[in-house]
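Structure, as structure tokens:
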Amino acid sequence: MKYVLLTGILLTIGLIAFFGIKWIRVLTASNYNQMLEALYSKTVPFVYPNQTAQLSSYVVLDTRAAEEFAISSLPNAIWVGYPTMNKQVIDTLSKNQAILVYCSVGYRSERIGEQLLEMGFTNVYNLYGGIFEWVNQGHPVVNTNNQLIDSIHGYAPSWGKWIQSEMTIVY
């Protein structure tokens with residue numbers, strides 16, 4: 001019994017050392033909002049999908065991988081990538097315009113939002129829950145020709161499980 005307890009303690013310490021307590025909470029979350037709360041640093045203000053009725057008031061930046069963007073995006077989104085941004089796109093933006101960043105769930109976009117804020121951009125917002133929450137709330141996604149589609153890139157099966165819409169999930 002003593003060895004089982006000791007093994008459990010050592011395994012827990014090892015997992016925390018390897019993943020970090022934040023990622024343990026993310027990986028063990030029982031629902032989407034609990035996972036997001038564990039994931040976010042809250043360094044970039046949120047905009048929730050139901051608050052974006054006028055996406056045209058934002059420059060919408062997609063911070064996912066090019067492969068993800070090629071499958072689906074928010075309407076009129078511009079791909080900038082992650083972890084480094086497309087400098088040509090960033091150089092065209094005004095430091096004062098409203099910018100909405102998003103990714104699959106909001107983690108990568110929060111990192112890009114932090115970079116934009118450090119560069120002096122003043123109106124940067126992170127889409128709460130990312131494109132997954134966007135489609136979960138019934139908002140449309142488009143392909144690279146800005147045509148409505150019913151597919152979404154799920155990033156990976158362990159993350160795509162958070163998509164609760166009727167969309168076709170592509171990996």
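Taken together through direct or relayed side-chain contacts under 4.5 Å among Ile, Leu, Val, Met, Phe, Trp and Tyr, Val142 and Val170 form parts of separate hydrophobic clusters. Neither Ile169 nor Ile71 shares a network with the other; the hydrophobic side chains, linked directly or stepwise wherever heavy atoms of I, L, V, M, F, W or Y lie under 4.5 Å apart, form separate groups for each. At a threshold of 4.5 Å between side-chain heavy atoms, the hydrophobic network of Ile, Leu, Val, Met, Phe, Trp and Tyr places Ile90 and Phe69 in two separate groups.
In this structure, Asn96 CG and Asn123 CG are separated by 6.5 Å, a value rounded to the nearest 0.5 Å. Interatomic distance, Gln97 CD to Tyr58 OH, rounded to the nearest 0.5 Å: 13.0 Å. Rounded to the nearest 0.5 angstrom, Asn136 CG and Ile152 CD1 are separated by 7.5 Å. Atom OG of Ser72 and atom CG of Asp62 lie 8.0 Å apart (nearest 0.5 Å). Arg64 contributes atom CZ, which lies 13.5 Å from atom CD1 of Ile112 (distance to the nearest 0.5 angstrom). With values rounded to the nearest 0.5 angstrom, Leu148 atom CG is found 8.0 Å from Asn146 atom CG.
Between the side chains of Asn126 and Ser109, at least one donor N or O sits under 3.5 Å from an acceptor N or O.
With contacts defined as side-chain heavy-atom distances shorter than 4.5 Å, the pair Trp159/Met35 qualifies. Looking at Val44 and Glu114, their side chains come closer than 4.5 Å, going by heavy atoms from C-beta outward. Thr52 has its side chain within reach of Val47: a pair of non-hydrogen atoms, C-beta onward, lies under 4.5 Å apart. Between Leu39 and Glu110 there is no side-chain heavy-atom pair separated by less than 4.5 Å. A 4.5 Å side-chain heavy-atom check between Thr144 and Trp79 finds every atom pair outside the cut-off. In this structure, Leu74 and Leu127 have side chains that are in contact, with non-hydrogen atoms separated by less than 4.5 Å.
Judged purely by atom type and a 3.5 angstrom limit, Glu68 has no side-chain atom pairing as donor or acceptor with the backbone of Cys103. Side-chain atoms of Thr63 come within 3.5 Å of backbone atoms of Tyr102 as a donor-acceptor pair (strictly under, hydrogens ignored). Put simply, the side chain of Ser41 never gets that close to the backbone of Thr43: no donor and acceptor are under 3.5 Å apart.
Note on ring orientation: taking the six-membered ring where Trp is involved, the planes of Phe46 and Tyr128 are perpendicular (angle over 60°, cut-offs 30° and 60°).
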Apply side-chain contact (heavy atoms from CB on, under 4.5 Å) to the pair Tyr82 and Tyr107, showing each step before the final yes or no.
CA-CA 11 Å; Tyr82 176 86; Tyr107 177 79; 4.2 Å; yes
Stepwise, does the side-chain contact (heavy atoms from CB on, under 4.5 Å) test hold for Gln34 with Glu37?
CA-CA 5 Å; Gln34 183 182 53; Glu37 284 300 312; 5.8 Å; no
With side-chain contact (heavy atoms from CB on, under 4.5 Å) as the criterion, how do Ile149 and Val141 come out once you've worked through the C-alpha distance, each side chain's angles and the decisive distance to 0.1 Å?
CA-CA 6 Å; Ile149 57 167; Val141 291; 4.0 Å; yes
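Shortest non-hydrogen contact noted between Ser104 and Tyr155 is OG-CB, 3.8 Å. Heavy-atom minimum distance, Trp134 versus Pro75: CZ2-CD, 4.3 Å. Closest of all the heavy-atom pairs between Ser165 and Val135 is CB-O, 3.5 Å.
The ring pair (Phe, Tyr, Trp, His ring centres under 6.0 Å) test applied to Tyr171 returns no partner, not counting sequence neighbours. A search for side chain to side chain contact (heavy atoms under 4.5 Å, CB included) contacts involving Ile78 returns Val59, Leu61, Val89, not counting sequence neighbours. With sequence neighbours left out, the side chain to side chain contact (heavy atoms under 4.5 Å, CB included) criterion links Gln137 to Pro49, Asn50, Glu133, His139.
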